[in-house]
Amino acid sequence: MEVPILKQGEYLIASIQSALTDADLLQLRDVLVEHVGRYRSRGVIVDVTALDVMDSFATRTLRDIAHMIRLRGAETVIVGIQPEVAFSMVQLGLTLEEVVTRLDFEEGIAYLNSKKGASTKLGSSLPRRTR
Amino acid sequence: MEVPILKQGEYLIASIQSALTDADLLQLRDVLVEHVGRYRSRGVIVDVTALDVMDSFATRTLRDIAHMIRLRGAETVIVGIQPEVAFSMVQLGLTLEEVVTRLDFEEGIAYLNSKKGASTKLGSSLPRRTR
Amino acid sequence: MSAKDLGISVLGADARVQIRSDSDIVVARQKGRAMATASSFAPAEATLIATAISELARNIVLYAKTGEVILKIVDNGNRHGIKIIAADEGPGIADLDRAMQLGYSTSGSLGLGLPGVKRLMDEFEIVSAPGKGTRVTVLKWRT
Amino acid sequence: MSAKDLGISVLGADARVQIRSDSDIVVARQKGRAMATASSFAPAEATLIATAISELARNIVLYAKTGEVILKIVDNGNRHGIKIIAADEGPGIADLDRAMQLGYSTSGSLGLGLPGVKRLMDEFEIVSAPGKGTRVTVLKWRT
Ligand SMILES: Nc1ncnc2c1ncn2[C@@H]1O[C@H](COP(=O)(O)OP(=O)(O)O)[C@@H](O)[C@H]1O
Ligand SMILES: Nc1ncnc2c1ncn2[C@@H]1O[C@H](COP(=O)(O)OP(=O)(O)O)[C@@H](O)[C@H]1O
């Protein structure tokens with residue numbers, strides 16, 4: 001199950017559409033980190049609204065994604081963690097410390113926009129699919 | 001014993017009015033996490049001034065509340081821990097690490113305001129009761 | 001060891017709180033605080049006492065389902081104290097040493113209850129046997 | 001202890017999912033969620049169940065390579081539950097106490113799996129011996 005990655009201005013948007021295997025998550029990580037360099041992206045939004053569970057593997061991989069992208073000079077925001085998923089994460093003892101989380105896509109974009117100067121606003125052009 | 005939750009601008013304020021049972025605390029957790037999404041809140045203040053004890057269950061539940069709300073993209077501040085309560089927590093070996101605590105409601109609001117840009121200040125409108 | 005062996009006499013009536021659900025935990029700790037306050041314990045001490053009762057009563061609900069908390073104001077000749085007995089006829093504890101360890105829990109909770117209560121109180125005794133239930137007796141002197 | 005000893009009866013057919021690769025982890029947890037939802041578990045509980053299955057099935061893939069996850073809806077007379085058995089004939093676990101400790105991992109991963117699953121579920125049992133494989137049985141009651 002490949003995760004579509006859209007390029008929207010300076011941002012990349014990975015919108016998970018369904019349950020992912022561990023291999024899918026690792027592939028998402030590698031592709032995102034590579035794309036950040038190729039498209040010189042400033043920010044990445046990973047939308048996990050449709051992810052069925054956030055177990056220890058998924059949490060660790062999302063944390064790794066955020067850290068690797070940060071080392072490449074861009075910001076990552078995880079959006080769309082549902083209440084039941086947040087509950088099971090906390091019960092399992094999983095936290096996403098040092099990773100920025102926001103309610104949904106709009107809040108994620110607002111966060112990324114707030115991190116750069118007011119000069120460069122999100123373009124009005126349609127997002128382009130990169131894979 | 002239901003905890004009233006007020007909506008004040010971008011914040012939710014849960015002011016515990018009396019001793020709470022374990023079930024009351026779990027209900028507070030679930031309602032707050034749900035309200036953060038419904039009202040797109042940026043911050044949550046839990047005022048524990050009137051809580052009679054902070055035993056291991058209450059401490060764990062407050063920590064879970066803070067972590068779950070963080071996964072939903074908002075900040076939580078616990079305010080009003082009384083000196084005797086702080087003393088008994090320390091004696092029991094309970095800490096609220098990774099959870100922001102402030103002296104009282106005013107300090108809690110000041111903390112939340114400091115976390116967002118100076119542009120969006122707390123409105124002067126009266127808080128609205130949401131439940 | 002009974003209160004008599006220690007030369008401690010009981011002042012006033014005992015309070016007994018049946019523990020059957022989480023709301024009884026609140027009743028028991030509020031009763032303990034009220035008794036402590038009535039016996040001139042300082043507010044910080046009364047809070048310690050209420051907190052210890054809360055932990056012990058929750059263990060009854062969690063592990064034994066039902067039991068009782070008995071509260072007594074005692075006197076050893078030169079000072080007052082409050083004695084708390086949390087007793088149940090639940091499954092008991094097989095390995096007491098382990099149960100008293102910081103962070104040990106069979107329910108996935110924090111495992112701070114028993115060692116923490118021991119730290120909060122001046123005297124602590126636990127008697128438990130598998131199938132026979134558990135009885136925790138603690139005492140806090142007024143400073 | 002078998003389900004019979006506990007006075008628990010099994011409702012409907014078991015589901016068995018063979019675990020051989022990471023895609024079977026997804027199959028097992030989705031099957032578990034579907035069964036929980038069909039038995040009227042609340043969404044938050046169904047998510048807990050799916051998450052626990054995911055952790056247990058991943059341990060099979062990681063440490064035993066192959067095994068199976070068995071799912072049963074059970075009933076103890078007054079409530080429904082779901083029972084999850086994750087069984088393999090892999091290397092087994094020599095020190096179970098250690099494996100249950102928070103943060104202990106032989107694979108450099110988080111080591112939150114087993115203690116976390118225990119916290120998520122109402123009942124938890126693990127049987128394992130070196131060379132004989134591992135069997136984790138957990139149960140979650142519907143609230
Ligand atoms: N009244 C009781 N009856 C049976 N077992 C108990 C009782 N109280 C405590 N225990 C056992 O002792 C362990 C440690 O208790 P405690 O330190 O209070 O931590 P926690 O309750 O967080 O697990 C519990 O996990 C449980 O196994
Ligand atoms: N099915 C299994 N077979 C053999 N060893 C296992 C199995 N499940 C768990 N273990 C052992 O128990 C340890 C702790 O497991 P767990 O708490 O799930 O953490 P993690 O999988 O992150 O290491 C593992 O590192 C491994 O050594």
Side-chain angles (χ1 to χ4, degrees), chain A residues 1-4 14-31 46-68 78-99 101 103-104, chain D residues 19-34 36-37 41-63 69 84 86 100-105 107-122 124 138 140 143:
Chain A
M1 181 55 59
E2 210 176 76
V3 178
S15 215
I16 296 171
Q17 306 288 315
S18 67
L20 296 183
T21 65
D22 296 359
D24 295 334
L25 278 161
L26 295 180
Q27 200 202 338
L28 174 63
R29 177 194 68 195
D30 296 343
V31 172
V46 182
D47 186 344
V48 299
T49 309
L51 202 58
D52 61 332
V53 306
M54 279 272 258
D55 58 13
S56 57
F57 190 88
T59 302
R60 177 148 77 117
T61 308
L62 286 172
R63 205 187 51 194
D64 289 352
I65 288 173
H67 288 169
M68 287 169 73
I78 310 292
V79 305
I81 296 179
Q82 299 303 300
E84 312 88 74
V85 171
F87 177 59
S88 70
M89 288 175 70
V90 167
Q91 292 289 308
L92 260 179
L94 301 169
T95 53
L96 271 171
E97 276 148 43
E98 301 155 36
V99 177
T101 46
L103 190 66
D104 55 18
Chain D
I19 306 294
R20 281 178 244 91
S21 74
D22 68 345
S23 56
D24 297 324
I25 301 174
V26 176
V27 172
R29 76 187 185 214
Q30 291 191 326
K31 182 75 202 164
R33 183 194 292 274
T37 304
F41 277 84
E45 290 174 323
T47 300
L48 287 185
I49 289 161
T51 307
I53 294 171
S54 195
E55 295 291 335
L56 296 176
R58 180 172 300 100
N59 279 356
I60 293 177
V61 174
L62 270 181
Y63 304 112
V69 169
I84 303 158
M100 291 304 300
Q101 266 168 35
L102 220 62
Y104 176 79
S105 173
S107 66
S109 76
L110 298 175
L112 298 175
L114 291 178
V117 167
K118 185 168 175 183
R119 213 174 311 121
L120 294 183
M121 299 285 115
D122 296 318
F124 180 99
V138 301
K140 179 85 189 166
T143 50

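Each chain gets a letter, A, B and so on, in the order the sequences are listed, and its residues count up from 1.
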Between [X] and [Y], what is the shortest heavy-atom contact and its length?
| X | Y | value |
| --- | --- | --- |
| D/Thr47 | A/Ser88 | CG2-OG, 3.9 Å |
| D/Arg119 | A/Val90 | NH1-O, 4.3 Å |
| A/Leu92 | D/Gly113 | CD2-O, 4.4 Å |
| A/Gly93 | D/Leu112 | O-CD1, 3.6 Å |
| A/Ala19 | D/Arg29 | CB-NH2, 4.0 Å |

Discussion item. For D/Ile25, which atoms come within 4.5 Å of any heavy atom of chain A: side chain, backbone, both, or neither?
Written reply: side chain
Worksheet item: Under a 4.5 Å heavy-atom cut-off, does chain A meet the side chain of D/Gln30, its backbone, both or neither?
Response: side chain
Worksheet item: Can you name the one residue among A/Asp24, A/Val53, A/Thr21 that meets side chain to side chain contact (heavy atoms under 4.5 Å, CB included) with D/Val26?
Response: A/Thr21
Worksheet item: Under 3.5 Å, side chain of D/Asp22 to main-chain N/O of A/Ala23, donor-acceptor pair present?
Response: yes
Worksheet item: So, the side chain of D/Arg58 versus the backbone of A/Asp22: is there a donor-acceptor pair under 3.5 Å, distance only?
Response: no
Worksheet item: Side chain, backbone, both or neither: which part of A/Met89 has a non-hydrogen atom closer than 4.5 Å to chain D?
Response: neither
